Engineer: 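Input: one structure, supplied below.
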Amino acid sequence: MSATSCSLCRFWSSSIGKKFVVAITGLVLVGFLAGHLSGNLLMYAGAEAFNDYAKFLHSMLHGAGVWIARVVLLTALVLHVVATIQLTTANKASKEKRYECDNTVQASKSSRMMIWSGLTILAFVVFHILHYTVRIDSDLAALADGGDAYQMVIVGFQNVLVSIFYVIAISCLCSHLSHGVASIFQTLGLRSKKSSAIIDKLAKAYTAVIWVGFVSIPVAVLAGWLN
Ligand code: HEM
């Protein structure tokens, strides 16, 4: 094994290395969510704007762009999940050795919450990809194949149960983000006593925009504001 891959192995096996991987991949996913939301908000600009955007995504770099984005996203997601699960398992194993003070109890409670909200998001992402990317529903597939991604989203959210599931999953995602975004700054050493208040405010503002933006779409479809 080369010296480089050995130092990568050492980096990955250390808890600080894994925390760094969780932070950097978290940052990639946070950036993706902001980009995905910006694109989705084009639903409010009408069918033509949204369909042109969907067409552009699939034609970027002669069709290679969407696959490059998928590989980057999938790699970030897998590394994020694997590193988090390994950190939580190691944390559990050393639990007895730790002091039972309030801070420790609080930290383990919030990391338990992070694992559960994280697993719910994972289940949602699988459902979401089957729903709008693979399109297992033949009606949605026919709309998308005909170049009408706008109507595909409208018809998809006209199913009340599906819309309720999206709202619950997006709320879980935002609970995860409300803790995770501020933690990224902490892990990367960018959070000081002086900057912590502004970082917390920025993390809350980002989470609120993500929640309102994503939830507004199924709500607007069910209310008949988007049709
Ligand atoms: C109202 C909320 C949302 C709407 C309307 C929406 C819409 C869409 C659409 C139409 C696609 C298919 C893109 C294409 O292949 O043309 C898609 C893909 C995707 N969405 Fe969303 N999305 C929403 C929320 C989310 C959330 C909250 C997440 C992350 C947790 C997410 C993650 C993804 C991922 C990973 C893909 C697959 C990208 C690909 O490989 O094509 N979406 N979304």
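Note that the numbering runs from 1 along the sequence shown for the chain. A quick note: this is a predicted structure, and the numbers were derived from the prediction, not measured. Counting starts at 1 for both ligands and their atoms, following the listed order.
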Engineer: At less than 4.0 angstrom from any non-hydrogen atom of Arg70, what atoms of ligand 1 do you find?
Structural biologist: 15 (O), 39 (C), 40 (O), 41 (O)
Engineer: Do the side-chain N and O atoms of Ser195 and Ser192 include a donor-acceptor pair separated by under 3.5 angstrom?
Structural biologist: yes
Engineer: Measure centre to centre between the rings of Tyr53 and Tyr150, then say whether the value is under 6.0 Å.
Structural biologist: no
Engineer: Within ligand 1, which atoms have a heavy atom of Asn40 less than 4.0 Å away?
Structural biologist: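 Result: 3 (C), 4 (C), 5 (C), 6 (C), 7 (C), 22 (N), 23 (C).
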Engineer: Look at atom 9 (C) of ligand 1 and find which of Tyr132, Tyr166, Tyr53 reaches it with the closest heavy atom.
Structural biologist: Tyr132
Engineer: Looking at ligand 1, is there an atom of it that comes within less than 4.0 Å of some heavy atom belonging to Ala149?
Structural biologist: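 No, Ala149 has no heavy atoms under 4.0 Å from ligand 1.
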Engineer: Run the ring-centre check on Tyr166 versus Phe124 and record whether the distance is less than 6.0 Å.
Structural biologist: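 Ring centres of Phe124 and Tyr166 closer than 6.0 Å.
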Engineer: Side-chain contact, heavy-atom cut-off 4.5 Å: Leu37 with Val209?
Structural biologist: yes
Engineer: Under a 4.0 Å heavy-atom limit, does Pro218 contact ligand 1 with its side chain, its backbone, both, or neither?
Structural biologist: side chain
Engineer: Identify, by atom number and element, the atoms of ligand 1 in contact range of Phe157, meaning under 4.0 Å from any of its heavy atoms.
Structural biologist: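 Counting atoms of ligand 1 from 1, those under 4.0 Å from Phe157 are 1 (C), 5 (C).
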Engineer: Counting heavy atoms only, which part of Met43 comes closer than 4.0 Å to ligand 1: side chain, backbone, both or neither?
Structural biologist: neither
Engineer: Which atoms of ligand 1 are found less than 4.0 Å from any heavy atom of Phe32?
Structural biologist: 32 (C), 33 (C), 34 (C), 35 (C)
Engineer: Taking the minimum heavy-atom distance to atom 8 (C) of ligand 1, which of His131, His128, Lys55 ranks first?
Structural biologist: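 Looking at heavy atoms only, the winner is His128.
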Engineer: Looking only at distances, can you tell me whether any N or O atom of His36, backbone or side chain, sits closer than 3.5 Å to an N or O atom of ligand 1?
Structural biologist: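 There is such a contact, yes.
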Engineer: Sub-3.5 Å donor-acceptor pair from the side chain of Ser59 to the main-chain atoms of His62, do we have one?
Structural biologist: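 Pair absent, no side-chain N/O of Ser59 close to backbone of His62.
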Engineer: Is the backbone of Leu87 close enough, under 3.5 Å, to the side chain of Asn91 for a donor and an acceptor to pair up by distance?
Structural biologist: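 Checking the backbone N and O of Leu87 against the side chain of Asn91, no donor-acceptor pair under 3.5 Å is found.
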Engineer: Starting from atom 16 (O) of ligand 1, find the nearest protein heavy-atom neighbour and note its residue, name and distance.
Structural biologist: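 Checked against all protein heavy atoms, atom 16 (O) of ligand 1 sits closest to His58 NE2, 2.8 Å.
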Engineer: Has the side chain of Asn51 got a donor or acceptor atom that lies under 3.5 Å from a matching backbone atom of Glu48?
Structural biologist: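 Judged by distance alone, no pair lies under 3.5 Å.
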Engineer: State if Leu33 counts as touching ligand 1 under the rule of any non-hydrogen atom under 4.0 Å.
Structural biologist: yes
Engineer: Could you tell me whether Leu57 approaches ligand 1 through its side chain, its backbone, both or neither, with non-hydrogen atoms closer than 4.0 Å?
Structural biologist: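 No part of Leu57 comes within reach of ligand 1.
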Engineer: Is there a side-chain contact between Val66 and Leu61, using heavy atoms and a 4.5 Å cut-off?
Structural biologist: no
Engineer: Has His176 got a side-chain atom pairing as donor or acceptor with Met114's backbone, closer than 3.5 angstrom?
Structural biologist: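 Judged by distance alone, yes, a pair lies under 3.5 Å.
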Engineer: Any atom of ligand 1 sitting under 4.0 Å from a heavy atom of Met152?
Structural biologist: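 Checking ligand 1 against Met152, which is what was asked, there is a heavy-atom contact under 4.0 Å.
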Engineer: Nearest 0.5 Å please: distance from the OG atom of Ser13 over to the NZ atom of Lys18.
Structural biologist: 6.0 Å
Engineer: Which ligand 1 atoms does Phe124 reach within 4.0 Å, using its non-hydrogen atoms?
Structural biologist: 26 (C), 27 (C), 28 (C), 30 (C)
